[in-house]
Amino acid sequence: MNIRRSVAALSLCAALGAAAAPAAVADDSPAGRSKGLYGAKDPKFDGVWRQSLALLAQDAVGVTPAKSAIDWLAGQGCADGGFAAYRADTSKACDPKKGEFTDATAAAIQALAAVGGRADTVEKGVGWLKRHQNDDGGWGMNPGGPSDANSTSVAIGAFAATGQDPAKLNSKGGKSPYDALLGLQLGCSAKAEERGAFAYTADKGKPVANELATASAALATQGKGFVFETVGKDRGVAPEPLRCAGGKGGADKADGADGAGTPKDAAEAALAHLSRVMSDTDMHLKSAMPGAKDQPDFGGTADAVVALAAGEHSATAGKPLQWLQGKDSGAAAWAKGDPGALAKLILAAHAAGANPRDFGGTDLVQQLNATGPKPEAADPGAESDGKNEKSEKKSDDDGGVGGVWWTVGVCAVAGVGIGFLLSGRKRRQL
């Protein structure tokens, strides 16, 4: 049985300057694309990331990806289980100290767990994540780097996708991934307008609220990855803000209490912060990239939609989703031809119960399929509901662990492409 999972956002940018050019063009892909790879742009910064999101989006809406697409992603894995952003020559060994990334590894795990048949690769990737967990319970973008909200969040999603409880994944220091994330949330001592937001990292100076990190952490503190089962549900109430001593609504925190306390409370506070920020900007997030113009962040907004829907706040998620679907937003033009961006919008629509095949008049699924090899099967009319026949037909060819990986039930968002990645990962304090 196929396992389902649920931002985050990442940048695999300047650190990968040594990555090589794209591989040769092959038969099953449109001209200009290497065999099995989605998108024609140079993949050296985002190949694994965009491929992973594309596979996840297709699987979520009932499309069976081409075998060559799955083979491409699995073939990018390193011998130790980690993934780089892109490997032009997979016959060369990876440098474990340079070029392997938490974000790429965790995204690939989620995608390969979804499509099935790659249990050995998934297991090795999970082992890599466990070996590189920091003492504070989190992960940095690179092994040994300071923990950040985005990398820690996508790692949590990988564990959720493989049926493992992130709360039980304690580091050598006895800390869980949730401990690392909650340590990055701005609490009652912060400015009122920043309470509940997450900082990207606490490594340099005073933590600063970061909307992309907040969207990623809001999903991960619910124990979910990019895809999850609670599609279209709604609690009927808005997310609950962080409650502080002297605040309004519910039982106030005691004097001196600062953080949310539990992952569930942290998620609600982060979702409330995102909702408030978007309500002040015509229901979308703005780019926080240093030096960027005052412009919308489509990928970050899609991440926020996914996180809100995961928290069963579909009515609240529907407002930024409606903005994304609007012809004046520019989201469809932003995503056109970009598999990672298209996948982001598809996952947002799917999570909130909308139809990605009629996204403001645009068929996002058809556009995504056109960026890579022809799918094995594509139902043009219906989304996957977690019980479709194709998930029953998936098998594990890696042997030994299939009964573990593919029978567990799982609940499971940086725009992608070069621009998406750069805008996401530069949203940290300087």
Distance-only, no hydrogens or angles: does the [X] side chain make a donor-acceptor pair with backbone N or O of [Y] under 3.5 Å?
{"X": "K327", "Y": "G360", "result": "yes"}
{"X": "T371", "Y": "L368", "result": "yes"}
{"X": "K224", "Y": "A310", "result": "yes"}
{"X": "T162", "Y": "A158", "result": "yes"}
{"X": "D338", "Y": "A335", "result": "no"}
{"X": "Q222", "Y": "K264", "result": "no"}
{"X": "T301", "Y": "L285", "result": "yes"}
{"X": "D148", "Y": "M141", "result": "yes"}
{"X": "R87", "Y": "T90", "result": "yes"}
{"X": "D46", "Y": "W49", "result": "no"}

Open item on the list: Walk me through whether F159 and D165 qualify under side chain to side chain contact (heavy atoms under 4.5 Å, CB included).
Closed with: CA-CA 7 Å; F159 289 112; D165 184 355; over 6 Å; no

Between [X] and [Y], is any side-chain donor less than 3.5 angstrom from a side-chain acceptor?
{"X": "E211", "Y": "H273", "value": "yes"}
{"X": "S147", "Y": "N134", "value": "yes"}
{"X": "D135", "Y": "S171", "value": "no"}
{"X": "Y38", "Y": "Q58", "value": "yes"}
{"X": "S68", "Y": "D71", "value": "no"}
{"X": "H313", "Y": "E268", "value": "yes"}
{"X": "S153", "Y": "N150", "value": "no"}

How long is the straight-line distance from [atom2] of [Y] back to [atom1] of [X], given to the nearest 0.5 Å?
{"X": "Q110", "Y": "L53", "atom1": "CD", "atom2": "CG", "value": "8.5 Å"}
{"X": "D136", "Y": "Q133", "atom1": "CG", "atom2": "CD", "value": "8.5 Å"}
{"X": "L37", "Y": "Q51", "atom1": "CG", "atom2": "CD", "value": "5.0 Å"}
{"X": "K344", "Y": "L56", "atom1": "NZ", "atom2": "CG", "value": "11.0 Å"}
{"X": "D179", "Y": "T152", "atom1": "CG", "atom2": "OG1", "value": "11.0 Å"}
{"X": "L55", "Y": "R50", "atom1": "CG", "atom2": "CZ", "value": "12.0 Å"}

Within the 4.5 Å heavy-atom criterion, are [X] and [Y] side-chain neighbours or not?
{"X": "L308", "Y": "M278", "value": "yes"}
{"X": "T221", "Y": "L182", "value": "yes"}
{"X": "L181", "Y": "I156", "value": "yes"}
{"X": "T362", "Y": "Q367", "value": "yes"}
{"X": "H284", "Y": "S329", "value": "no"}
{"X": "N142", "Y": "T102", "value": "no"}
{"X": "T281", "Y": "W323", "value": "no"}
{"X": "T105", "Y": "W139", "value": "no"}

- [ ] Check D363, I346, L364 against R357 for a side-chain contact (heavy atoms from CB on, under 4.5 Å) and give me the one that passes.
- [x]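 That would be D363; it is the only one of D363, I346, L364 passing the side-chain contact (heavy atoms from CB on, under 4.5 Å) with R357.
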
TODO: Apply side chain to side chain contact (heavy atoms under 4.5 Å, CB included) to the pair E100 and F83, showing each step before the final yes or no.
DONE: CA-CA 5 Å; E100 291 182 13; F83 281 74; over 6 Å; no

Task: Residues D80, K124: salt bridge by 4.0 Å N-O rule - done: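 Looking at D80 and K124, the cut-off is not met.
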
Minimum heavy-atom distance [X]-[Y], with the two atoms named:
{"X": "A272", "Y": "P239", "value": "N-CB, 3.5 Å"}
{"X": "P356", "Y": "V61", "value": "CG-CG1, 3.8 Å"}
{"X": "W72", "Y": "V48", "value": "CH2-N, 4.1 Å"}
{"X": "H350", "Y": "A60", "value": "CE1-O, 3.2 Å"}
{"X": "Q164", "Y": "V126", "value": "NE2-CG1, 3.4 Å"}
{"X": "P65", "Y": "V115", "value": "CG-CG1, 4.1 Å"}

Open item on the list: Does D328 have more than 12 heavy atoms from other residues, nucleotides or ligands lying within 6.0 Å of its CG?
Closed with: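 At most 12 heavy atoms, drawn from other residues, nucleotides or ligands, come within 6.0 Å of this atom.
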
Task: Over 12 foreign heavy atoms within 6.0 Å of CD, Q322 - done: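 No.
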
Open item on the list: Going by the rule salt bridge (charged side-chain N to carboxylate O under 4.0 Å, His left out), which residues pair with R276 if we only count those two or more places apart in sequence or in a different chain?
Closed with: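 In terms of salt bridge (charged side-chain N to carboxylate O under 4.0 Å, His left out), with neighbours along the sequence ignored, R276 is linked to D280.
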
Task: disulfide (SG to SG under 2.5 Å) pairs, two or more places apart, involving residues 80-131 - done: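 For residues 80-131: C78-C94.
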
Open item on the list: Between W128 and F101, does the ring pair (Phe, Tyr, Trp, His ring centres under 6.0 Å) criterion hold? Intermediate values first, please.
Closed with: CA-CA 10 Å; W128 187 93; F101 293 86; 9.0 Å; no

Task: Intermediate values then yes/no, side chain to side chain contact (heavy atoms under 4.5 Å, CB included), S151 and D103 - done: CA-CA 5 Å; S151 297; D103 306 67; 2.9 Å; yes

TODO: With side chain to side chain contact (heavy atoms under 4.5 Å, CB included) as the test, would you mind laying out the steps for T316 and D234 before giving the verdict?
DONE: CA-CA 9 Å; T316 305; D234 190 79; 5.6 Å; no

